[in-house]
Enquirer: 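Got a structure here, written out as structure tokens. Questions coming.
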Amino acid sequence: MSFYFQNGYLYCDQLKVKDIQSQVPESPFYLYSKQQITTNYNAYLEAIEGLNAIIGYAIKANNNLAILKHLQELGSSAVLVSGNELCIALKANFKPEKTILNGNGKTIAELTYAIQNQVLINIDSEFDLQHIQQATEKAKKQANVLLRVNPDIDPQVHPYVSTGIKDSKFGIQNNKLDWFLDSIKSSTFLNLVGIHCHLGSTIEQTQIFYDATVLMSKFVEIIRSRGFELKYLNIGGGLGIDYHKQGKNLPTPLELINSIRQILESLDISLIIEPGRSIIGNTSILVNRVIGTKSNGKKNFAVVDGSMAELIRPSLYNAYHHIDLIEPCRGQLKTFDIVGPVCESADFLAKDRPLASPIEGMGLAVWDVGAYCQVMSSNYNLKMRPPEYWVDGKQLIQIRKKECMEDYLKLFNI
Ligand code: LLP
């Protein structure tokens, strides 16, 4: 692992985080390990050996351009959910024909842009199919499309990140399959190349992927029997990571792929997989500074400069992120809530954690913040989005500047 402790100090690869913190002028900041990104991507690459497969990194998890370029250079494809994500994917040199556009509310402008670039597009609903048709007419080009099926499988995760159950807003109504197939068949511009499902995020068992693949294979057979030459089976993303660090045995990409390998081989179909969190989640920490500690007599609070504005997952999903002081601390061991300075009680990064009472200015790291953290940050309380750095070998490199008030004020015409 790229983040580890040695003599009480937290390291990122070969560099001591405390030394990095004293070099970096801003606080808080995101710190990534480039090596860990490579390792995580390569785990998928090794897992798909022997299969025809596209690893589509879900850009929504983290869209830092340096990270995207790095993944593209490693051979990754990209999975998108907006026109702007297509724009940044093109800037990072991802091959558009191997890029997939998802979404339940794609606009005609986004669809036209995607079709002009020959991006693979998921059909999510009746109106989405009609919009894709309109966009093909506008672009005067064929669109390669996949049907997003709703597998109605419970991924056993937080309801906000569960996407493949019957009541989810994503995917077609499966009993309307014939209508979709007839519409595609009668359209001159649509070319059905695959089917897609995405069960949810933070999934911890391969059985869930296996069940979905079995179900999807039935759809493949039905659709093929209707005369379509399906090339792709897209099983979405969703593999969880070890946020809790209590030695839980989570499936690896190899275990995931091996659990469905036989089905793919017997269908003779190419796999598309859309990992986000499992590629980027554990590659970063948020490095904060302790502003002070206080107590209400019952509860102890460590107030740090990071907050729900930089990292909303704890507030939004009650998500657990591990926290650690980045250096040895002799303070008394107590139970703390780690909170930010934002004027809102929902502003916390961790609750009820044992921590040696830190002194002001000490560094406090929040672990596993590579996925869905910086991308979900906001300007609430006029906090500016934090900068990002990565460790590349022995070098510390800034890969995104801190947003500043000037950037913010630029948006007003006054
Ligand atoms: N494909 C589709 C169609 C998706 O909707 C998603 C994520 C992915 C792939 C990537 O899933 P991953 O491998 O990263 O789990 N903001 C939430 C996560 C929302 C994920 C939504 N969909 C969080 O912070 O946990």
Side-chain angles (χ1 to χ4, degrees), residues 37 40-41 43-44 47 54-63 67 71 76-82 85 89 99-106 119-124 128 146-151 155-165 168-172 194-206 208-209 212 216 232-243 250-253 256-257 271-284 286 308 310-321 349 366 368-378:
I37 301 174
N40 293 351
Y41 178 78
Y44 272 98
I54 292 178
I55 303 167
Y57 166 66
I59 283 188
K60 69 198 310 196
N62 189 313
N63 58 35
I67 292 173
L71 285 167
S76 181
S77 298
V79 166
L80 319 168
V81 289
S82 70
E85 284 195 353
T99 299
I100 302 106
L101 179 63
N102 276 307
N104 63 318
K106 307 181 274 299
V119 168
L120 299 165
I121 301 174
N122 272 339
I123 300 173
D124 187 83
D128 197 39
L146 291 87
L147 262 180
R148 179 164 181 170
V149 172
N150 186 335
Q156 294 162 31
V157 296
H158 190 285
Y160 289 6
V161 296
S162 169
T163 47
I165 50 171
S168 149
K169 69 170 181 173
F170 300 102
I172 64 163
I195 56 169
H196 171 258
C197 72
H198 173 70
L199 302 163
S201 213
T202 67
I203 298 172
E204 299 192 339
Q205 299 157 38
T206 54
I208 290 169
F209 291 100
M216 294 295 278
Y232 296 115
L233 174 53
N234 184 340
I235 59 154
L239 191 60
I241 61 168
D242 182 17
Y243 283 113
L250 290 181
T252 60
L256 163 56
I257 302 289
L271 171 73
I272 300 178
I273 186 154
E274 307 184 328
R277 189 186 318 265
S278 49
I279 286 189
I280 204 66
N282 71 353
T283 68
S284 176
L286 182 71
M308 68 188 290
E310 293 81 6
L311 172 43
I312 201 174
R313 297 193 74 254
S315 308
L316 187 59
Y317 311 114
N318 214 5
Y320 180 96
H321 283 265
L349 297 177
V366 183
D368 302 314
V369 297
Y372 307 107
C373 292
Q374 166 75 17
V375 281
M376 290 176 75
S377 63
S378 76

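Whatever order the structure lists them in is the order used to number ligands and atoms, beginning at 1. Keep in mind that this is a model prediction, so the values were computed, not measured.
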Enquirer: Are any of the side-chain heavy atoms of H321 and L349 separated by less than 4.5 Å?
Expert: no
Enquirer: Not counting sequence neighbours, which residues clear ring pair (Phe, Tyr, Trp, His ring centres under 6.0 Å) with Y232? List them please.
Expert: none
Enquirer: Taking N122 for its side chain and R148 for its backbone only, find out whether a donor-acceptor pair lies under 3.5 Å.
Expert: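 Looks like no, no N/O pair under 3.5 Å.
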Enquirer: What atoms of ligand 1 come within less than 4.0 Å of a heavy atom belonging to R148?
Expert: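 Here the atoms of ligand 1 in question are 3 (C).
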Enquirer: Are I273 and L256 close enough that some pair of their side-chain heavy atoms sits under 4.5 Å apart?
Expert: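 With C-beta onward as the side chain, the pair touches.
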Enquirer: I need the atoms of ligand 1 closer than 4.0 Å to a non-hydrogen atom of G238, numbered in the order shown.
Expert: 11 (O), 12 (P), 13 (O), 15 (O)
Enquirer: Would you please determine whether S278 falls within less than 4.0 Å of ligand 1 on a heavy-atom basis?
Expert: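 Judged by the 4.0 Å heavy-atom criterion, S278 does not count as contacting ligand 1.
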Enquirer: Pairing donors with acceptors under 3.5 angstrom, does anything connect the side chains of N282 and N40?
Expert: yes
Enquirer: Could you list the atoms of ligand 1 found under 4.0 angstrom from a heavy atom of G276?
Expert: 12 (P), 13 (O), 14 (O)
Enquirer: Report, in ascending order of atom number, the atoms of ligand 1 lying under 4.0 Å from any heavy atom of E274.
Expert: 1 (N), 2 (C), 3 (C), 8 (C), 9 (C), 10 (C), 13 (O)
Enquirer: Out of Y57, Y317, Y243, indicate the one that has the non-hydrogen atom closest to atom 17 (C) of ligand 1.
Expert: Y317
Enquirer: Regarding S76 and Y44, do their side chains bring together a donor and an acceptor under 3.5 Å, going by distance alone?
Expert: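 No, Y44 and S76 have no side-chain donor paired with an acceptor closer than 3.5 Å.
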Enquirer: Find out whether N150 and F170 are in side-chain contact, i.e. whether some heavy atom of one side chain is under 4.5 Å from a heavy atom of the other.
Expert: no
Enquirer: Suppose I only count heavy atoms of G237 and a 4.0 Å limit; which atoms of ligand 1 are within that range?
Expert: 9 (C), 13 (O)
Enquirer: Below 4.0 Å, non-hydrogen atoms only: which portion of H198 touches ligand 1? Side chain, backbone, both or neither.
Expert: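 For H198, the contact with ligand 1 is made by the side chain alone.
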Enquirer: Please indicate whether any nitrogen or oxygen in T202 is less than 3.5 Å from any nitrogen or oxygen in ligand 1.
Expert: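 The answer is no, given that T202 and ligand 1 share no N or O pair closer than 3.5 Å.
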Enquirer: Just jot down the ligand 1 atoms closer than 4.0 angstrom to any heavy atom of N102, in number order.
Expert: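 It comes down to these atoms of ligand 1: 3 (C).
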Enquirer: Could you pull out all residues at least two apart from D128 that satisfy side chain to side chain donor-acceptor pair (under 3.5 Å)?
Expert: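 K106.
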Enquirer: With atoms numbered from 1 as shown, which atoms in ligand 1 lie under 4.0 angstrom from a non-hydrogen atom of P275?
Expert: 13 (O)
